[in-house]
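In what follows, chains carry the letters A, B, and so on, assigned in the order in which the sequence lines appear, proteins first and then strands, with residues in each chain numbered from 1.
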There are 2 protein chains.
Amino acid sequence: MESQELRNVGLKVTTPRLKILSLLEKSTEKHMTAETIYRLLSTGGEVIGLATVYRALAQFEAAGLITRHQFEGGQTVFELERGPHHDHIVCVRCGRVEEFYDKIIEERQRVISEKLGFTLSDHALTLYGECTPNCPKSHSA
Amino acid sequence: MESQELRNVGLKVTTPRLKILSLLEKSTEKHMTAETIYRLLSTGGEVIGLATVYRALAQFEAAGLITRHQFEGGQTVFELERGPHHDHIVCVRCGRVEEFYDKIIEERQRVISEKLGFTLSDHALTLYGECTPNCPKSHSA
DNA sequence: AATCAAATGAGAATGACTCTCATCATAAGT
DNA sequence: ACTTATGATGAGAGTCATTCTCATTTGATT
């Protein structure tokens with residue numbers, strides 16, 4: 001039950017929050033914009049405000065339930081925090097997103113921030129490229 | 001003379017473009033938002049439109065004269081392309097930006113994208129943290 | 001069931017950026 | 001240098017994502 005997840009992080013259990021959380025859990029698409037979530041729920045017959053979606057996502061992020069990614073080109077997507085940390089590679093043509101994790105890079109980041117006197121709290125690494133030579137040009141998340 | 005730089009990249013030499021370019025070259029602050037550039041020039045008595053600043057920056061970026069960085073929190077900054085490539089570490093409290101370059105990370109990125117079948121065209125790596133335990137809370141670029 | 005703080009939806013407001021368009025300046029040709 | 005046409009400019013309107021405001025509703029606690 002998603003209710004427990006909400007209680008665990010100190011958030012009141014409400015209908016909109018449950019709807020959003022369960023959509024994120026069920027959806028095949030791992031990375032969704034606030035708009036997309038709003039649209040999917042609305043199309044599904046739910047009555048929900050866009051502001052509520054943004055509010056809930058911000059809270060989920062603060063609680064560590066989801067992660068926010070700001071890719072170039074202005075698209076901001078949210079992703080359920082399931083497994084361990086990972087970074088992304090985004091196709092600049094079709095928008096496809098793949099994930100990867102590299103121990104060596106993670107390690108280097110720690111070393112670098114330490115050397116510069118920073119207390120590392122977060123990082124954003126995104127690679128951009130073309131996924132295949134004949135990649136389908138458009139894509140909607 | 002900055003005029004030559006503009007001609008080299010096929011851009012017409014105009015007053016606003018020269019002003020922006022020379023501000024970027026003279027300023028001690030390496031990373032500036034479009035707003036900041038606009039404000040600095042306006043305060044300096046120049047008559048320039050904000051739209052012109054955005055247009056020029058986009059053209060400079062396309063021409064490879066400057067680089068655009070989208071840091072978290074929505075701030076987009078521009079930086080003159082001087083030396084070789086580097087990444088950034090940003091203080092989440094005061095906004096201070098330091099630069100670094102790590103051969104190993106760069107290398108790993110190539111390997112990873114190759115393994116995933118992508119043709120790497122760009123990447124964005126930004127670390128976030130606190131620069132010192134007693135960091136001055138605010139900062140304006 | 002009663003209470004009250006917190007959450008919600010709707011729409012207004014904001015902020016960053018882009019577009020439109022009438023005017024103006026630069027580079028090319030004379 | 002002078003003219004011209006092409007491209008650039010400034011001002012303000014427009015757009016898009018996100019946040020705020022506020023009257024109303026809901027959920028947790030009693």
Handout entry: From CD (A:Glu25) to CG (A:Leu65), nearest 0.5 Å
Key = 9.0 Å
Handout entry: 4.5 Å side-chain heavy-atom contact, A:Met32 and A:Glu29
Key = yes
Exercise for the section: Could you tell me whether A:Arg108 and A:Glu106 have a side-chain N and a carboxylate O separated by less than 4.0 Å? Expected result: no
Handout entry: Rounded distance (Å) that lies between atom C1' of D:dG7 and atom CG of B:Leu6
Key = 14 Å
What nitrogen or oxygen pairs link the protein and nucleotides 24-30 of chain C at under 3.5 Å?
from   : atom 1 : to      : atom 2 : distance (Å)
C:dA27 : OP1    : B:Val13 : N      : 3.0

Exercise for the section: For the residue pair A:His69 and A:Gln75, confirm or rule out a side-chain donor-acceptor distance under 3.5 Å. Expected result: no
Problem - Salt bridge present between A:Arg7 and A:Glu5 (N-O < 4.0 angstrom) - result: no
Handout entry: Full working for side-chain contact (heavy atoms from CB on, under 4.5 Å) between A:Ile112 and A:Lys115
Key = CA-CA 5 Å; A:Ile112 291 162; A:Lys115 195 183 302 175; 5.7 Å; no
Problem - Contact letters for nucleotides 14-21 of chain C, in which S counts primed atoms plus P, OP1 and OP2 and B counts the base, heavy atoms under 4.0 Å - result: --SSBBB-
Practice task
Could I get the full list of side-chain contact (heavy atoms from CB on, under 4.5 Å) partners for B:Glu99, not counting sequence neighbours?
Solution key: B:Lys30, B:His31, B:Glu79, B:His86, B:His88
Fill in the blank from the handout: In whole angstroms, the gap separating C1' of C:dT8 from CD1 of A:Ile20 amounts to 11 Å
Practice task
Please tell me if the side chains of B:Leu127 and A:Phe118 come closer than 4.5 Å, counting only heavy atoms from C-beta onward.
Solution key: no
